Amino acid sequence: MPVLVVPDAEGGRLLPFSGSTVGERSVDSLATALAEDPVTRWVWSDTAAAYPPVLAAGTRVARCHDLALTEALLLGYDGRWGEPASVAAAWARLRGLPVPADQPPAEADERLTLFGPAPVRLPAGADPMQVAAAVYADQLDRIAATEQPARFGLLVAAESAGALAAVELTAAGLPWRSDVHAAALERLLGPRTSAGVPPQRLAELSARIGAAFGRRVNPDSPADVLGAFSAAGHTVESTRSWVLRKVDHPAVPPLLEYKKLARILAANGWVWQERWVRGGRFRPEYVPGGVVSGRWATRGGGGLQLPKVLRGAVCAEPGRVLVVADAGQLEPRLLAALSRDEAMTAAAEADDLYAAIASRSFAGDRARAKIGLLGAMYGQVGGGAATPLAVLRERYPVALHLLEEAARIGERGGLVRSHLGRTCPPVPEDWAPWDAAARSRGRFTRNFVVQATAAEWALVWLALVRTGLATVDGAELVSFVHDEIVVQAPVESGAAITELTRQSADRAGRLLFGATGVRFPLDVAAVSCYADAG
DNA sequence: AAACGAGGCGCC
DNA sequence: AAAGGGCGCCTCGTTT
């Protein structure tokens, strides 16, 4: 039986969810009480607020139901995306009271000082336990009333499990060798300089750019660079790298090099290290449900965008290994499973789906098969995707039809859903289906069905891996980026965890789609350094 | 001085 | 080869 949990300053209150108030008890320590019962699903308002103190006290929770995340999913399902989703708001809607706005999330730094759950703003006289019970009961009814209750229930469970994993990942952080990072920065940029002073390599490149133009140019200013090219007789539409690469001018090579290095300095330089690396770990804050498609976001440090050139700084700690598992070609595989296109499912039985498609329709030209398939999922119509798209439409009509139908619904301002029922946001009030807006919306909904389904597959995968890890001493999740999981574990359990990630991927596929021919092969490597994976 | 949009680029 | 989906976050340059 699920148990409702209402944290308070000292501990909290617990109530088995039976429809009555019988059996409520107060505990001095939630961590102790929750640790005594490793099977129960704990129902609470907000995992991000309730779980950190419990985890900090040493208790890992196996399962929960996050009322706020579930409320957001249910509101979205009804086309009410973005309405306040806190328990207080859900309760106010149930009672016909004014709905309080969601509180903005506390800054990460702020949260470290303000330890403990954020206050739930309920009207005076409302008992938080009764509110939680009422909202939970209502949510169960609404889940049961969806078109596919079993699927939506799985979505809610996965979203809630993800919230637990996110708190654990935020607490754990990613092993980070600051010395290795600093050495890489010095090799690329030169010795560290004080704030506002460009490092040696950037200064050199800046001088070369100025020499090539015959005047001083600020490479950080697109307007200045554009003006310099114009004065030199080159009309360039922007200063994007791929545009500049086509321009024949001596300033281009140092400019491209400058952009690359300046980016590393700004995004992941010495200042970044001081701000975001603590105790040998890089600590982004993971935000489940932070993206409309159900992907996670992170707050702080750009946690989902670690540049590949710096991944050498991610090193397993002594006696341990990093198991890096990546679900390759996830989106086209999910397209096959979603659409049940037989020909594409046959291709998805291969380890390399793009190669399988290429060998059947593109005379083995894998690159063209990939361009065509990505173009189909992203809504590209012209360019190099046009011809491969026509070939795919001929050969995989069922899969392509699913995408084109999603696009058509979007172009008309309609809603689409993922496989488990996550629903895209509605168009704004003032939206009108004029050409460009309709096409843009069509590309969004076309991509949404695939990206959101990929996100939920990955969430289920993560939840299964997390559950499996509970029985491996010393194993911890240290990174999750859309379709990649990194676990740090004692060297001797590397093989078992590799196997766990593979089995979990298979199970995730079966949980979402039942028995299909679509396989979800992983690239898994047990390494001592992140840079050595993949 | 602070807020904001645009341009740009890292990741998936 | 070409520029289509989702983000976070930097700098620049303008507006408030």
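Each chain gets a letter, A, B and so on, in the order its sequence line appears, and its residues count up from 1. Every heavy atom of this structure was used, including side-chain atoms; hydrogens, water molecules and symmetry mates were not. Every value quoted in this text rests on a predicted model; they were computed, and no experiment measured them.
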Worksheet item: Taking the six-membered ring for Trp, is the centroid-to-centroid distance between Tyr77(A) and Phe152(A) below 6.0 Å?
Response: yes
* Touch class at under 4.0 angstrom, heavy-atom based, for Gly301(A) against every strand present -> sugar-phosphate
Discussion item. Over all strands shown, is Gly300(A) touching base, sugar-phosphate only, or nothing at heavy-atom distances under 4.0 angstrom?
Written reply: sugar-phosphate
For a quick check of understanding: with a heavy-atom distance under 4.0 Å over all strands, which category does Ser293(A) fall into, base, sugar-phosphate or nothing?
nothing
Within residues 185-219 of chain A, those residues having any heavy atom closer than 4.0 Å to DNA chain B are none
Comparing Lys246(A) with Ala297(A), nearest DNA chain C nucleotide closer to 5' gives the residue Lys246(A)
Within residues 424-435 of chain A, those residues having any heavy atom closer than 4.0 Å to DNA chain B are none
Nearest heavy-atom approach of Gly301(A) to Asn268(A) is O-ND2, 4.4 Å
Spell out, as yes or no, whether a donor-acceptor pair under 3.5 Å connects the side chain of Lys259(A) to the backbone of Thr239(A). yes
- For the ring pair Phe520(A) and Trp457(A), is the centre-to-centre distance below 6.0 Å? yes
| query | So do the side chains of Phe213(A) and Phe229(A) get within less than 4.5 Å of each other, counting heavy atoms only? | reply | yes
query: Can you find a pair of side-chain heavy atoms, one from Arg422(A) and one from Glu159(A), that are under 4.5 Å apart?
result: yes
Residue set satisfying side-chain hydrogen bond (donor to acceptor under 3.5 Å, both in side chains) with Tyr530(A), at least two apart, ordered chain then number -> Glu484(A)
Across all chains, not counting sequence neighbours, the ring pair (Phe, Tyr, Trp, His ring centres under 6.0 Å) partners of His401(A) are none
- [ ] Using a 4.0 Å heavy-atom cut-off across all strands, classify Val292(A) as base, sugar-phosphate, or nothing.
- [x] sugar-phosphate
Review point. Considering residues, nucleotides and ligands other than Arg502(A), do more than 12 of their heavy atoms fall under 6.0 Å from its CZ?
Key: yes
Distance col, row Arg281(A):CZ vs Trp176(A):CH2, nearest 0.5 angstrom, shows 13.5 Å
DNA chain C: first to last nucleotide in contact with chain A (atom under 4.0 angstrom from a heavy atom), 5' to 3', is dA1(C) to dG13(C)
Inset, instruction - Could you tell me whether Gly375(A) contacts a base, only the sugar-phosphate backbone, or nothing, with contacts defined as non-hydrogen atoms closer than 4.0 Å? - result: base
Can you confirm whether more than 12 heavy atoms, excluding those of Arg216(A), are under 6.0 Å from its CZ atom?
no
For Leu265(A) and Leu202(A) the tightest heavy-atom approach is CD2-CD1, 3.7 Å
A correct 5'-to-3' footprint of nucleotides 4-12 of chain B, with B, S and - meaning base, sugar-phosphate only and no protein heavy atom under 4.0 Å, is ---SBBBSB
Can you label the angle between the Phe282(A) ring and the Trp272(A) ring as parallel, tilted or perpendicular, going by 30° and 60°?
tilted
